[in-house]
Visitor: 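The structure follows.
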Amino acid sequence: MKNYLSSTLHDLIYNTLPMIVITVIVCILLRVIYLIKNEVHFTLYRELFMLTFIIYILSLFQIVTIQDTVSWSTNNFIPFKEITRYDLWSHGFFKNVIGNICLFLPFGYFISYILKSKKFYEPLFITFVCSLSIELVQMMIGRVFDVDDIILNVIGGMLGYCFYNGMLGYCFYKLFYFIGSKIPKVLKNEYLLDAISIILFSLVIYIIFLI
């Protein structure tokens, strides 16, 4: 399983990197010009968060349109038909069931954060429409439509929503608030937060390329 995940990540980086680099450069240029022209307050760690969302969406597109294209599979319109086909904890279960859930977990978190959504049906609807669109596009490019993928993607999206709004997200918020209330005021400077965000963002990118 570890070797499969490592191999998948390597292939994803190799195939996606040119598109990500070009898109990120264009997005940064447009965003910087927009901020300057409209004299909007610039908060780096928030900008990096949105940039991460763009990179995630590009990577998601690569995963669902390129990898594992097969000609022998058929469309599945029967709910839970494919999910129940895999033995629990088998390679297929991790790849197709857990993998589809994890794939959309960040999606649910990102859109909940962007919309500041407290109502579950907002991220639920967006996740469903996005997953349905992916499955329909897959039928057009030689892949297959699988209603179970939609179910699993929606579960992943709602888990992301729960992480943002649920008990776990609340615990993280209270923890950070508690830590923030104990550190000196000088360490709460926005420039320091920006510097930390750059370091963390760079560290994540560095770790990804080492895997």
Side-chain angles (χ1 to χ4, degrees), residues 8-67 100 102-138 140-141 143 153-154 156-161 163-165 169 172-173 176 188-211:
T8 300
L9 187 55
H10 272 295
D11 292 341
L12 176 63
I13 293 172
Y14 178 80
N15 293 316
T16 312
L17 187 59
M19 175 178 61
I20 288 179
V21 170
I22 295 172
T23 304
V24 166
I25 291 175
V26 173
C27 289
I28 291 176
L29 287 174
L30 289 175
R31 184 61 176 168
V32 169
I33 293 173
Y34 171 82
L35 292 173
I36 294 175
K37 286 186 62 177
N38 295 277
E39 298 181 350
V40 178
H41 178 67
F42 177 76
T43 307
L44 184 59
Y45 62 87
R46 291 176 182 169
E47 299 295 332
L48 286 177
F49 183 85
M50 295 305 299
L51 189 61
T52 303
F53 178 61
I54 293 174
I55 294 174
Y56 164 75
I57 291 296
L58 292 173
S59 301
L60 179 64
F61 166 81
Q62 183 71 21
I63 292 174
V64 300
T65 57
I66 300 298
Q67 290 186 342
N100 271 299
C102 293
L103 195 64
F104 265 73
L105 198 153
F107 185 85
Y109 181 86
F110 275 120
I111 61 176
S112 296
Y113 175 86
I114 293 171
L115 297 176
K116 305 300 180 187
S117 180
K118 299 296 182 182
K119 301 175 181 179
F120 78 94
Y121 58 79
E122 294 174 342
L124 174 65
F125 175 73
I126 295 175
T127 304
F128 171 76
V129 172
C130 181
S131 182
L132 176 62
S133 301
I134 289 173
E135 294 303 314
L136 292 175
V137 168
Q138 285 181 336
M140 302 176 187
I141 62 174
R143 299 190 64 175
N153 292 162
V154 169
M158 294 313 296
L159 287 176
Y161 161 81
F163 182 82
Y164 177 75
N165 280 300
F172 272 103
Y173 170 80
F176 290 139
K188 300 178 184 179
N189 185 282
E190 186 174 301
Y191 292 107
L192 178 62
L193 293 176
D194 289 342
I196 294 174
S197 65
I198 292 176
I199 293 173
L200 291 176
F201 184 79
S202 302
L203 182 61
V204 169
I205 299 299
Y206 179 70
I207 292 174
I208 288 176
F209 277 90
L210 281 181
I211 295 178

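This is a predicted model, so every value here is computed, not measured.
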Visitor: When rounded to the nearest 0.5 angstrom, what distance separates CZ in Phe53 from CZ in Phe107?
Guide: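 With rounding to 0.5 Å, CZ (Phe53) is 5.5 Å from CZ (Phe107).
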Visitor: Assign the ring pair Phe49 / Tyr113 to parallel, tilted or perpendicular, where the plane angle (0 to 90°) is split at 30° and 60°.
Guide: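 It falls in the tilted class, 30° to 60°.
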Visitor: Can you confirm whether more than 12 heavy atoms, excluding those of Phe125, are under 6.0 Å from its CZ atom?
Guide: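 No, not enclosed.
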Visitor: Check whether any side-chain heavy atom of Met50 lies under 4.5 Å from a side-chain heavy atom of Ile114, and answer yes or no.
Guide: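 Yes, side chains in contact.
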Visitor: Looking at CG of Leu58 and CD of Gln62, how far apart are the two atoms once the value is rounded to the nearest 0.5 Å?
Guide: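 Result: 9.5 Å between the selected atoms.
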Visitor: For Ser117 and Tyr164, which heavy atoms make the closest approach, and how far apart are they?
Guide: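 Shortest heavy-atom contact: O-CE2, 4.0 Å.
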Visitor: Got a sec: does the NZ of Lys116 have more than 12 other heavy atoms crowding it under 6.0 Å?
Guide: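 Yes, the 6.0 Å shell around NZ holds more than 12 heavy atoms from other groups.
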Visitor: Can a donor-acceptor pair be found, under 3.5 Å and without considering hydrogens, that links the side chain of Glu122 to the backbone of Ser112?
Guide: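 Absent.
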Visitor: Could you tell me if the side chain of Pro123 sits less than 4.5 Å from the side chain of Leu115, heavy atoms only?
Guide: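 No; the side chains remain at least 4.5 Å from each other.
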Visitor: What are the two closest non-hydrogen atoms of Glu47 and Leu35, and how far apart are they?
Guide: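 Taking Glu47 first and Leu35 second, the nearest heavy atoms are OE2-CD1, 4.1 Å.
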Visitor: With a 4.5 Å limit on heavy-atom distance, are the side chains of Val154 and Met158 in contact?
Guide: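 Yes, their side chains come closer than 4.5 Å.
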Visitor: How many angstroms lie between CG in Leu60 and SG in Cys130, if you round to the nearest 0.5 Å?
Guide: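 Nearest 0.5 Å value for the CG-SG distance: 6.0 Å.
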Visitor: Quick one: CD1 on Ile20 to CD1 on Ile57, what's the gap to the nearest 0.5 Å?
Guide: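 Separation between the atoms: 11.5 Å.
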Visitor: Closest approach of Asn100 and Asn153, non-hydrogen atoms and distance?
Guide: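 Between these two residues, the closest heavy atoms are O-ND2, 3.0 Å.
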Visitor: Can you see which heavy atom on Val64 is nearest to which on Arg143, and at what distance?
Guide: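 Shortest heavy-atom separation between Val64 and Arg143 comes out as O-NH1, 2.8 Å.
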Visitor: Search all heavy atoms of Thr23 against all heavy atoms of Met19 and return the closest pair with its distance.
Guide: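 Scanning both residues completely, I find the closest heavy atoms to be OG1-O, 2.7 Å.
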Visitor: Side-chain contact test, heavy atoms from C-beta onward, threshold under 4.5 Å: evaluate it for Thr52 versus Phe110 and give yes or no.
Guide: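 A side-chain contact under 4.5 Å exists here.
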Visitor: Please test Phe128 against Leu132 for side chain to side chain contact (heavy atoms under 4.5 Å, CB included), starting from the C-alpha separation and ending with a verdict.
Guide: CA-CA 6 Å; Phe128 171 76; Leu132 176 62; 4.2 Å; yes
Visitor: Please check if the side chain of Ser131 supplies one atom and the backbone of Thr127 the other of a donor-acceptor pair under 3.5 Å.
Guide: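 Such a contact is absent between Ser131 side chain and Thr127 backbone.
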Visitor: Walk me through whether Phe104 and Leu159 qualify under side chain to side chain contact (heavy atoms under 4.5 Å, CB included).
Guide: CA-CA 9 Å; Phe104 265 73; Leu159 287 176; over 6 Å; no
